[in-house]
Amino acid sequence: MNINIYQNYSQFYRGTESIKTYSPNNSAVEKKDTLVKYEFNTTDEHGNKVMDQMSKEETLQAMKEIRSQYGDNVIIDFSGNGMAALAESRKGMARASMTQEQREARNTAFQSEVKHYDKSVNYLPVYSGMYGADKAVAIAVENCSKEEQAFVYDIIRRNLLIGNSGSMTEEERQANISLGMKKAEYAAENMISEDNKKAFLDAMESIAKLAGSGKADDSGNMDYGVKKGKYLGHGSNLVCTTDTVDMMRTMDSAAYAEYQKISSNKDDGIASLRYLAGWYTDAIKKNPSMVDVYEKQSDEYVEKNVKNQKIDTTFTSLRTESKAAFLESLREFQISNPDFLSSIINRELTLKFWGA
């Protein structure tokens, strides 16, 4: 597969906007009050490869996965050059049958309601799958500003648990993790309350170790070895539940292949959900300890591969007492190492967060 469709989609999230109406004839539509945008591009803003073009099946599955996270009052907009052209679903047929003039009128009416969309801000959390670490981070940033929360989760997304490392050498990937840990230290010193600093840094260190032990396939897609965390709630109320689909993927490859096949059909997810429920019921009857075995596999992986992982020290000299100190020391590193991790450092130096 070109993209791991079960990775955390938050790296593709591009913002949320409140809206009032959404209709080609300008009539109010009840309960549609929020626009959520996702953008699946094959390269980042610096031209580095992020993902391959998604297949039709992968695109449909990604849409179903994302839509399942939101309620009926949300409209989800998908875009980006990474997405394949889709077969028309039942819901998409009406739009496909529109004339070009009708589509343009519909889009104009819709866009008039969307005023201030900011692509630079990404507030959605990203999780490692290690519940203790994920909850510690969630609690630590619970009372931080949205900008500060976005900064912390960007560390996990962009520096630690990247989805694809195809544009980096392994040395660069490990150094990027080192940069992420220095950013975590900055966050601890300047954003996180005193009561939560230690737990936050311990959690970020655990996530960094998990990242360091990750392995890339031939396409650069990263596998971090742990179960996929499925979370409910936020902050101190964060609760982890078992991801049944990932359990199927891990423990019953034949069933998972069939599930993917069903999921690619135009049934809005109904048949795939029935298949998943039936599989889970039968599997539990045959093996009542299946969930425990699934969870144990992940715990054993962490014990064996993560706890003793060494974190790269490339950026340990960066200063973290203030924004100015951090940027100055990062520029000093860049001057001394002009050809090393250049795209990552250039992005960092121009982040809106730093005021650059």
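Atoms considered below: every heavy atom in the structure, side chains included; atoms not considered: hydrogens, waters and symmetry mates. Computed from a predicted model, the values in this text were never measured in an experiment.
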Contacts of type salt bridge (charged side-chain N to carboxylate O under 4.0 Å, His left out), residue E185, not counting sequence neighbours: K182

Any ring pair (Phe, Tyr, Trp, His ring centres under 6.0 Å) pairs touching residues 282-319, not counting sequence neighbours? F315-F333

Would you check, one step at a time, whether the test side-chain contact (heavy atoms from CB on, under 4.5 Å) holds for K215 with Y224? CA-CA 7 Å; K215 298 293 185 292; Y224 294 106; over 6 Å; no

Stepwise side-chain hydrogen bond (donor to acceptor under 3.5 Å, both in side chains) check, S178 with N176: CA-CA 5 Å; S178 173; N176 192 32; over 6 Å; no

Just jot down the side chain to side chain contact (heavy atoms under 4.5 Å, CB included) partners of E142, sequence neighbours excluded, or say none. S236

Hey, any chance Y186 and I177 share a hydrophobic cluster, counting ILVMFWY side chains that come within less than 4.5 Å of each other, even indirectly? yes

Which residues satisfy the salt bridge (charged side-chain N to carboxylate O under 4.0 Å, His left out) test with D202, sequence neighbours excluded? K198

Can you tell me how far the NZ atom of K135 sits from the OH atom of Y127, to the nearest 0.5 Å? 11.0 Å

Residues that Y231 engages under side chain to side chain donor-acceptor pair (under 3.5 Å), provided they are two or more places apart: D134

Contacts of E189 that satisfy side chain to side chain donor-acceptor pair (under 3.5 Å) - sequence neighbours left out: T320

For residues K183 and L351, report the shortest heavy-atom separation together with the two atoms involved. NZ-CD1, 4.5 Å

Please work out which of the three classes, parallel, tilted or perpendicular, describes the rings of W354 and F326, given edges at 30° and 60°. parallel

Looking at residues at least two apart in the chain, or sitting in another chain, which of them share a side chain to side chain donor-acceptor pair (under 3.5 Å) with K307? E303

Qualifying residues under salt bridge (charged side-chain N to carboxylate O under 4.0 Å, His left out), relative to K197, sequence neighbours excluded: E194

For S317, check side chain to side chain donor-acceptor pair (under 3.5 Å) against everything at least two apart and list the hits. none

Hydrophobic cluster membership, V239 vs V126, 4.5 Å side-chain cutoff: no

Given I344, which partner from the list R158, E172, M168 fulfils the side chain to side chain contact (heavy atoms under 4.5 Å, CB included) test? M168

Can you check side-chain contact (heavy atoms from CB on, under 4.5 Å) on S128 and L161, steps first, answer last? CA-CA 7 Å; S128 69; L161 302 179; 3.7 Å; yes

For A203, give me all partners under side chain to side chain contact (heavy atoms under 4.5 Å, CB included), at least two apart in sequence or on another chain. A133, A136, V137

Using 4.0 Å as the upper bound for N to carboxylate O, is an ion pair formed by K209 and E205? yes

Salt bridge (Lys or Arg N to Asp or Glu O under 4.0 Å): which pairs involve residues 310-326, sequence neighbours left out? R319-E328, R319-E332

Could you walk me through whether N196 and S193 pass side-chain hydrogen bond (donor to acceptor under 3.5 Å, both in side chains), step by step? CA-CA 5 Å; N196 292 316; S193 67; 3.0 Å; yes

Salt-bridge test for D299 and K296: reply yes if a basic N is under 4.0 Å from a carboxylate O, no otherwise. no

With side-chain hydrogen bond (donor to acceptor under 3.5 Å, both in side chains) as the criterion, how do Q297 and T250 come out once you've worked through the C-alpha distance, each side chain's angles and the decisive distance to 0.1 Å? CA-CA 10 Å; Q297 287 177 347; T250 303; 5.5 Å; no

Under the salt bridge (charged side-chain N to carboxylate O under 4.0 Å, His left out) test, residues paired with K261 that sit two or more places apart: none

